[in-house]
Amino acid sequence: GRIYERNFVFTTLGGDSALLVPWLISARTRPGGVDRRARGWLLRGSTWEAFYDESWETPPTRAPWRILPFRTLRLIVGEGDAVEGVIFSEGPRQLDLELTSPLIEWAGARGQTFRLLEAAVYLSDQRIEGAALDMSRAHRVEDGAPGDWAFLESGDSLQVVLESSDTTSSHGEGTYHGWARLDFRDLQWPSLAVEWAEVRAFQPSRQDVPVSWTITSEDGGVDGVLQVESAQIQAGEGDGPLLPVDALFMVSGTLNVDGSSYPVRGLFRHTRP
């Protein structure tokens with residue numbers, strides 16, 4: 001009755017052309033086995049390509065959180081089960097995510113871990129350098145979805161992780177925890193108000209989805225605005241009139257931190273039951 005998430009998000013640092021590679025991997029335990037799913041996307045500019053989506057079952061295990069290779073998904077694992085690479089290979093199509101030097105690591109109050117690493121993506125013969133977020137968290141099935149999260153960057157200067165610490169209301173108000181690496185400094189914000197500033201209707205789910213957010217802290221040290229640049233949204237299955245929303249947003253905007261302004265961009269992960 002638990003769900004384990006392991007997410008990897010690669011992003012280039014700076015430059016005019018956005019490139020994102022999110023891998024979302026999950027394992028759900030149940031009597032008699034573990035239900036697993038892994039999905040991978042490539043975002044270049046404003047075009048999303050869903051290049052991997054597989055679901056499979058494995059027998060019960062004492063370590064259901066350990067991610068496993070399957071078909072065209074392979075893993076490079078080093079000492080201490082540290083994931084050093086995620087590889088997709090299907091005939092002539094190949095995309096390698098290489099995770100190298102760790103930059104910083106944060107831990108949340110519910111056992112979440114967020115590791116920021118130097119990274120590179122190999123597309124055909126091209127090597128693209130950047131940074132990657134390695135994120136792990138778990139929750140009980142009966143607790144529902146654990147909340148939205150985001151990974152933002154402003155070149156080499158600023159990298160930010162945001163995670164919802166409660167259930168976002170139907171109007172989009174929510175409290176988030178924030179972690180940041182700013183010019184090699186470690187910053188943490190235990191309470192950020194993240195609110196939907198603008199929404200649009202997503203008819204397949206018959207629900208609204210955010211297209212803009214405002215971010216503020218109680219002490220006034222942080223504020224900002226994010227806008228959706230491109231989106232990959234899917235409607236889930238359900239019996240009610242409102243169907244679940246499963247969305248990945250490429251966002252950009254501005255964060256003001258301690259009196260300085262930083263242009264940011266990155267991935268915002270949004271789900272609704």
Side-chain angles (χ1 to χ4, degrees), residues 7 9 11-20 22 24 41 43-48 133 135 145-155 157-180 182 187 189-236 242-273:
N7 304 316
V9 183
T11 179
T12 53
L13 296 176
D16 297 327
S17 179
L19 188 144
L20 280 175
L24 305 184
W41 293 265
L43 171 66
R44 282 186 284 193
S46 60
T47 302
W48 291 85
L133 173 69
M135 169 184 172
D148 295 357
W149 54 270
F151 174 41
L152 310 170
E153 57 85 13
S154 182
S157 302
L158 175 69
Q159 297 85 42
V160 177
V161 174
L162 303 174
E163 187 196 29
S164 175
S165 56
D166 58 12
T167 301
T168 304
S169 74
S170 59
H171 300 291
E173 297 89 358
T175 301
Y176 281 62
H177 196 122
W179 299 266
L182 175 59
L187 304 178
W189 306 294
S191 181
L192 294 173
V194 179
E195 300 182 2
W196 298 358
E198 185 180 354
V199 301
R200 70 174 176 86
F202 181 58
Q203 292 300 337
S205 290
R206 297 181 288 277
Q207 296 206 60
D208 289 338
V209 296
V211 294
S212 178
W213 298 259
T214 60
I215 302 170
T216 55
S217 63
E218 294 180 354
D219 61 6
V222 180
D223 67 86
V225 176
L226 299 175
Q227 297 276 352
V228 172
E229 297 292 332
S230 63
Q232 172 72 29
I233 313 176
Q234 294 179 328
L242 304 180
L243 297 179
V245 173
D246 187 340
L248 295 172
F249 297 120
M250 169 65 185
V251 297
S252 63
T254 302
L255 281 182
N256 301 305
V257 182
D258 295 338
S260 298
S261 182
Y262 299 89
V264 295
R265 70 180 186 192
L267 181 76
F268 204 113
R269 171 79 167 130
H270 169 67
T271 58
R272 288 191 68 78

**Study point:** Test side-chain contact (heavy atoms from CB on, under 4.5 Å) applied to Val9 and Trp149, step by step
**Key:** CA-CA 12 Å; Val9 183; Trp149 54 270; 3.7 Å; yes
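- Here the side chain of Ser154 pairs no donor or acceptor atom with the backbone of Leu158 at under 3.5 angstrom.
- For the residue pair Thr12 / Arg265, a side-chain donor-acceptor distance below 3.5 Å is found, with atom types taken as modelled.
- The closest side-chain heavy-atom distance from Leu152 to Leu226 is below 4.5 Å.
- For the pair Gln232 and Leu43, the minimum side-chain heavy-atom distance is 4.5 Å or more.
- Taking CG from Leu133 and CD from Gln159, the interatomic distance works out to 10.5 Å, rounded to the nearest 0.5 Å.
- Gln207 places a side-chain N or O within 3.5 Å of a backbone atom of Leu243 that can act as its donor or acceptor partner.
- In this structure, Thr214 OG1 and Glu195 CD are separated by 5.0 Å, a value rounded to the nearest 0.5 Å.
- Trp196 CH2 to Asp208 CG: the interatomic distance, rounded to the nearest 0.5 Å, is 7.0 Å.
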Practice item. Check step by step if side-chain contact (heavy atoms from CB on, under 4.5 Å) holds for Leu162 and Ile215. Key: CA-CA 10 Å; Leu162 303 174; Ile215 302 170; 4.0 Å; yes
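- In this structure, the side chains of Glu163 and Trp179 come closer than 4.5 Å at one or more pairs of heavy atoms.
- Note: Thr175 OG1 to Leu192 CG = 9.0 Å, rounded to the nearest 0.5 Å.
- Side-chain N or O atoms of Ser217 include one that pairs as donor or acceptor with a backbone N or O of Val222 at under 3.5 Å.
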Practice item. Test ring-ring contact (aromatic ring centres under 6.0 Å, His included) on His270 and Trp213 and set out the steps. Key: CA-CA 12 Å; His270 169 67; Trp213 298 259; 7.6 Å; no
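- Considering only heavy atoms from C-beta on, Pro210 comes within 4.5 Å of Phe249 through its side chain.
- Using a 4.5 Å cut-off on side-chain heavy atoms (C-beta onward), Asn7 and Phe151 make no contact.
- Between the CG atom in Asn256 and the OH atom in Tyr262 there is a gap of 10.0 Å [rounded to 0.5 Å].
- Side chain of Asp148 to main chain of Thr271: a donor-acceptor pair is present (N/O by atom type, distance under 3.5 Å, no hydrogens or angles).
- The CZ atom of Phe202 sits 13.0 Å away from the CG atom of Leu242 when rounded to the nearest 0.5 Å.
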